[in-house]
Amino acid sequence: NNNGNSKRVQFYHFRIQELLAAESWAGMELPTEKKAEMMVRNTDLVQTGLAPLRFLIQDKIARQVDQGRLELNFRIPGQENLIYKDELVTEWEQWFPRDLKVVSAKLPMLAGGQRLPRSLALPSTLEDIDLDVSKCIGKQRDLTNLGLNEKPSLKRLAVNIDSFFGNGDTFRNFFTSLPPGVTSLDLSAVGNSGPSVANDVFGAMPRGLQELSLNMSKWHSHDFVEEGGDCRLPENLKKLRLTMRRMPSLTGASLLGLFQGLPRGLEELSVDFRFSFRVNSKNGQRATPGGLKTLTEQLPSGLKHLALVFNRFICDEDLIGIAEHLPANLKTLKLDFRYEKHLTDCGIKALGEHLPQSLEQLDLKFALSHRITGEGLSALKQGLGINLRKFSLDLSGMESVKDDALDAVGELLHSGLEDFRLNLKNCRHVTDTGITVVCGKLPKGLKSLDLDISGIHVATDNAFGVIVSSGAATTLESFSLDCSRCVSIKPDGLVKLFQGMGTQLQSLVLNFEGCAHINDAVVIAIGGTLHSRIRRFGLGATGCNLLTHKCLEPLSEGLCRASGVGKEKQDIKICFKGCLQVPTTDVKDFDADDSAPEAFSMKALRDRLMTDQAELSLNFDQRLLKGFRALPTVSF
């Protein structure tokens with residue numbers, strides 16, 4: 001007004017509001033979801049509240065290659081408690097494409113509190129739904145208003161209701177309301193009181209289910225089998241995954257009842273009961289050896305994939321019994337024994353004796369299980385057949401692991417192995433000798449190698465040169481190396497390693513945090529390794545104070561080569577945080593000018609990223625890269 005003051009004006013004509021919203025949308029150089037958030041919060045621009053949602057959906061669809069799929073994430077980091085209008089979920093369907101088949105959405109808090117306002121407006125044509133409603137359902141007592149019963153074409157459903165508080169009737173009504181055609185269900189309901197008997201939930205599930213993933217951690221349920229009856233899981237199940245962490249009422253007896261009642265046609269089984277301390281123990285304080293030795297006796301004979309995550313009360317007697325009854329045709333076996341203070345070499349030897357020769361993948365985690373030594377690990381060799389293609393071993397933090405244990409690990413690697421992962425993090429009794437032995441025995445045809453030696457202060461770069469001389473480096477398609485806090489590592493071996501890498505490499509993830517001797521020569525060699533096949537690249541160089549601006553240009557050239565071809569989106573993460581010899585001026589002036597600093601010209605890479613085919617994350621303390629601010633796929 002004439003006094004120099006202003007007041008909000010409501011435009012009642014929707015077209016005017018739409019034009020104002022469009023102008024605001026086009027003027028913001030922010031990621032798509034961030035734009036929508038800022039428009040919703042803009043008190044100076046009075047809108048219907050739906051305009052930003054319309055632009056958000058249309059913009060998302062335009063960016064995606066598959067027009068039948070829509071992914072929406074309203075969980076803005078740092079703004080998790082931002083409240084949106086209820087119209088977000090009651091009106092959004094009008095802007096969905098007509099032929100939409102797949103929707104994945106993480107919903108925020110809504111104005112109606114922790115309750116959904118009414119049935120979610122989702123197209124009836126959907127075949128695949130992935131919903132996270134944990135922020136807007138905490139005080140609700142009914143799940144049927146998700147509107148899923150109105151989706152006759154629905155085949156796959158994933159729902160996160162972690163904050164929901166329900167009972168047996170609630171879950172029964174929910175499962176009963178699901179379309180009969182649903183064949184895959186993934187339900188996360190952490191923190192619920194849950195039904196008193198889990199079998200009530202199983203009995204109400206669609207009988208045509210073939211895949212079921214259920215996270216019922218912290219439930220008070222403990223009975224999986226009716227008294228004198230069978231487990232009521234759907235008979236047609238092929239894949240079953242149960243997460244039962246911190247269930248105070250879960251006992252060994254109820255777990256055995258579950259295993260005894262599994263559907264006979266089951267092919268994949270994953271059960272996680274970590275931190276459920278009443279299983280195989282007396283009041284969660286003392287182990288009861290042998291309580292789970294019959295766990296695998298009645299597993300379906302056709303089971304091909306088995307994954308078990310134990311609590312800390314598994315003893316040798318239990319593992320001996322479990323190993324003796326493993327299905328003969330098993331293809332994948334994953335056993336997680338982390339923090340097992342009762343398990344010794346005796347149990348591991350029994351496991352080695354009874355491993356099925358049909359195994360193609362073996363994943364063993366012994367982290368912080370301090371009573372297992374090289375003697376037990378060497379016994380695994382007799383059970384590893386020629387069919388084994390993937391082998392993963394986690395020995396992190398184990399006081400009992402020394403160089404002799406790594407010598408035993410090296411003997412486990414046969415010529416047909418294609419994927420090997422070894423975690424030696426914080427194994428303080430391991431020396432450079434043991435690491436070199438393992439690297440020298442890597443098979444020549446290896447396609448994927450993941451090596452974690454972080455925290456081993458005596459480790460040097462000798463082992464990396466051995467990887468090249470063994471012939472394994474030339475065939476790698478994926479390589480991950482974590483040697484953070486390895487203060488004795490020098491550049492020479494790393495330079496030799498990266499110079500010896502083959503052209504098949506598609507994924508390269510490196511972490512040199514705290515490695516004081518890493519210099520420009522290492523990063524320059526890494527840049528020379530990057531080529532057009534690379535789809536994933538990560539470099540962590542926090543605290544590598546010998547790095548200077550001289551390494552940045554060769555690295556950028558390599559990234560430009562890696563960004564050259566292909567429609568598959570790339571994942572690039574770089575961190576030079578704390579590298580004090582990289583001058584601020586060499587970093588902050590990355591822009592599209594031809595006169596960009598000679599230290600690091602990123603124009604070609606920036607132009608490539610404008611096509612939305614790559615995701616780039618850069619961390620240079622608080623020094624922003626001006627030329628990248630307009631890119632929706634860049635995070636600082």
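This chain uses plain numbering: 1 for the first residue, then up along the sequence. These values consider heavy atoms only, across backbone and side chains, with no hydrogens, waters or symmetry-generated copies.
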In residues 489-503, what donor-acceptor pairs under 3.5 Å come from side-chain atoms, sequence neighbours left out?
none

Should His531 and Leu505 be marked as a side-chain contact (heavy atoms from CB on, under 4.5 Å) after you check the CA-CA gap, both sets of side-chain angles, and the distance that decides it?
-> CA-CA 8 Å; His531 51 77; Leu505 199 64; 3.9 Å; yes
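For the pair Arg312 and Tyr339, the cation-pi criterion (under 6.0 Å, within 45° of the ring axis) is not fulfilled.
At a threshold of 4.0 Å, the pair Asp571-Arg535 does not count as salt-bridged, since none of the basic side-chain nitrogens sits closer than that to a carboxylate oxygen. Of the charged side-chain nitrogens involved, at least one lies within less than 4.0 Å of a carboxylate oxygen, so that Asp419 and Arg421 count as a salt-bridged pair. For the pair Arg428 and Glu399, the salt-bridge criterion is met [side-chain N within less than 4.0 Å of a carboxylate O].
Inspection of the Asp345 and Thr373 side chains reveals an N or O donor paired with an N or O acceptor under 3.5 Å. Side-chain contact of Asp520 with Thr548: a donor-acceptor pair under 3.5 Å is present, judged by distance alone.
Evaluation of the ring-ring contact (aromatic ring centres under 6.0 Å, His included) rule for Phe366 yields Phe337 as partners, not counting sequence neighbours.
Between Leu395 and Asn423, the closest side-chain pair of non-hydrogen atoms is not below 4.5 Å. When side chains are defined from C-beta on, Leu326 counts as touching Pro356, because their heavy atoms get closer than 4.5 Å. Two residues are said to be in side-chain contact when any heavy atoms from C-beta on lie closer than 4.5 Å; Leu343 and Ile372 meet this criterion.
Residues in residues 370-381 take part in these salt bridge (charged side-chain N to carboxylate O under 4.0 Å, His left out) pairs, two or more places apart or across chains: Lys349-Glu375, Lys381-Glu411.
Not one N or O on the side chain of Ser217 forms a donor-acceptor pair closer than 3.5 Å with the backbone of Arg246.
How far CZ of Arg245 is from CG of Asp272: 4.0 Å, rounded to the nearest 0.5 Å.
Of the residues listed (Leu451, Leu406, Asn462), the one engaging Cys439 in a side-chain contact (heavy atoms from CB on, under 4.5 Å) is Leu451, and it is the only one.
Pairing each heavy atom of Lys218 with each of Val190, the nearest pair is CD-CG1, 4.4 Å.
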